[in-house]
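Given the structure is predicted, the values throughout are model-derived calculations rather than measurements. Nothing fancy with the numbering, it's 1 onward along the sequence.
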Amino acid sequence: MHAMATPSPAKSMGDPGITPLSPTHILKDSEENEPTRHPYVVVVAIDFGTTSSGYAYAFTKEPECIHTMRRWEGGDPGVSNQKTPTTILLTPDRKFHSFGYAARDFYHDLDPTESKQWLYLEKFKMKLHTTANLSIDTDLHAANGKKVKALDIFAYALAFFKEQALKVLSLSTVCVCVCAGLVSRENPDQLIIALEPEAASIYCRKLRLHQMVDLGNKTALNGYSPTENVGMGMTQAKEHVRRNRQSRTFLVENVIGELWSELTEGDRYVVVDCGGGTVDLTVHQIRMPEGHLKELYKASGGPYGSIGIDYEFEKLLCKIFGQDFIDQFKIKRPAAWVDLMIAFESRKRAATPDRSNPLNINLPFSFIDYYKKFRGHSVEHALRKSNVDFVKWSSQGMLRMNPDAMNALFKPTIDHIIQHLTELFDRPEVTDIKFLFLVGGFAESALLQQAVQKMLQGRSRIIIPHDVGLTILKGAVLFGLDPSIIKVRRSPLTYGVGVLNRFVEGKHPPEKLLVKGSTRWCTDVFDTFISVDQSVALGETVKRSYTPAKPSQQVIVIHVYCSEKESVSFITDPGVRKCGTLKLDVSGTESPAARREIQTLMQFGDTEIRAMAVDVATSRSVKASIDFLSQ
């Protein structure tokens, strides 16, 4: 399955939003005798985002040519539909119906009474960030308040993208792709997890000069001055570049070249992935001559994505119309609430630092009608009586917000991002940063761009790719083509297991004493595998040996614990929690040794935590697995 089948190991190294998928391939006769360097013919990346999702793919014979899906049905006026909203609709009997624009539009057209029976979910990926102990039993809430298993929703969504990708591949190539689910048990390496900041970093290294905007450059780039971009917005900026390109193609041809040419051994850069749900930061250093990447500081971030602006808008509505009304309206008229937030989304994208004219937000008729029934007076009356002076009522049935009011909705979210960036740049290991890459859909915001510029004050060049919303998706394809490009990562947590050690008087607490026969043991000792912020090379392993408690034991079960602290003594220390289970299946591996030793190797340098084991006496492989969902 996707990252969601094992979210803890993926989440431990970053946000598990991108899943490169390499469909198996049946070779044609003409290909059978050709040598191949890559085990697959095509790599597909699925960007499963909080607010929008999409996919891209590349054939291994043409790794530089990344194809993105652009033909989504539906869409909003003035908004690129290279991705589709992360919305899913289930029928009243909980069967998958549709995803994305199709789900949103179908739900919108349902009769209000009928819509209450359907299960519509949006922005549900944030549940991963707000739930401390995820498990296979974690629930999500649909718009009508009904619960549904998170695992089912994520499985439906990923299956949808798999089918979409395979449809396109069957139309665009003569190859035959065979994929049972996302991955088969016989070939688990067919599915890999790409971390979003890493994917963005991989793509940004390969940017050409005409594919980006340099906010720190005071000179014109392809006839476009980047300083104009703050206030004009990325959409207008890209159109400006496009128009100039038509008459100045020679400039593009003359200055074309990869940003990579400006990076040398030891150069450092920061990637700020500004998504819908979270903002993730990572610091990479270039390692020559191959151009591999080393992570200098563990990936960090928080729930500071663009949906924070939506929450601020909802708080504003509650202030004007009352929390009780908004809560009831969302339950009684869920489809109309979706319509209202769609209307806000389109106006949110129009917010710029120097905008002077008001922004109008359409109120659905059912909002106006339901409010009058609920309160006994009109929406216009509520606005007049509220203390919110910067929102007025328009006779066309709209909320009329002045620009300062809209910008104020952005402020809490942007302030969080700037605070996090400031703390990052204040760290001693984060010095001499050459570039700061702003990526993700929220990076298009001119308000955010201006705030980052002001915070950096010229310390680093700020680079924004033109296809800023597709940066991670394209980077995930490149990662799928070469997963070894990230050579060193930083562990975000301290991992270990609980063991028994010989009890030492004066060192170990008396309450941890356990006497077995004539031996005194200390219980609950935390045996550290890897410490937080520790550098881990790709393929680096941690070795431990375990022995079955009884000769007849079929499975060894070992609980894995984690902590945000570097130094941990006991699994009962504050902040230590059980995060997974290591299982060693020793059935069918009979050993002549009276005391069997199972040697276990664990890898922490990849995007997933992996385990391998062998019976030392027989040298036979032992099935090892780490489960981060079953608590």
Next item on the list: State plainly whether the residues Arg349 and Glu345 are in salt-bridge range, i.e. N to O under 4.0 Å.
Entry: yes
Next item on the list: Could I get the full list of side chain to side chain contact (heavy atoms under 4.5 Å, CB included) partners for Ala408, not counting sequence neighbours?
Entry: none
Note to self: Counting the benzene-type ring for Trp, do Phe604 and Tyr495 have ring centres under 6.0 Å apart?
What the structure shows: yes
Show me, pair by pair, the donor-acceptor contacts under 3.5 angstrom made by side chains of residues 302-315, not counting sequence neighbours?
| from | atom 1 | to | atom 2 | distance (Å) |
| --- | --- | --- | --- | --- |
| Asp310 | OD1 | Lys348 | NZ | 2.9 |
| Asp310 | OD2 | Lys123 | NZ | 2.8 |
| Glu312 | OE2 | Lys315 | NZ | 3.3 |
| Glu314 | OE2 | Lys330 | NZ | 2.8 |

Note to self: List the residues meeting side chain to side chain donor-acceptor pair (under 3.5 Å) with Asp533, not counting sequence neighbours, and say none if there are none.
What the structure shows: none
Check: Does any N or O in the side chain of Ser201 come within less than 3.5 Å of the main-chain N or O of Pro197, such that one atom is a donor and the other an acceptor?
Finding: no
Checklist line | Pairs touching residues 406-416 that satisfy salt bridge (charged side-chain N to carboxylate O under 4.0 Å, His left out), sequence neighbours left out | finding: Lys411-Asp415
Checklist line | Residue Glu566 excluded, over 12 heavy atoms near CD under 6.0 Å | finding: no
Checklist line | Parallel, tilted or perpendicular: ring planes of Tyr55 versus Tyr57, cut at 30 and 60 degrees | finding: parallel
Next item on the list: Please identify each residue that fulfils side chain to side chain contact (heavy atoms under 4.5 Å, CB included) with Ser569, with sequence neighbours left out.
Entry: Asp573
Next item on the list: Go through the structure and list residues passing side chain to side chain contact (heavy atoms under 4.5 Å, CB included) with Gln534, not counting sequence neighbours.
Entry: Ile530, Ser531
Next item on the list: Please test Val497 against Leu582 for side-chain contact (heavy atoms from CB on, under 4.5 Å), starting from the C-alpha separation and ending with a verdict.
Entry: CA-CA 9 Å; Val497 296; Leu582 170 64; 5.9 Å; no
Note to self: Within a 6.0 Å radius of atom CG on Asn357, are there more than 12 heavy atoms belonging to other residues, nucleotides or ligands?
What the structure shows: yes
Note to self: Looking at Gly266, is its backbone amide N or carbonyl O close enough to the side chain of Gln285 to form a donor-acceptor pair, meaning the two atoms are under 3.5 Å apart?
What the structure shows: yes
Next item on the list: Determine the minimum heavy-atom distance between Lys125 and Phe48, stating which atoms define it.
Entry: NZ-O, 2.9 Å
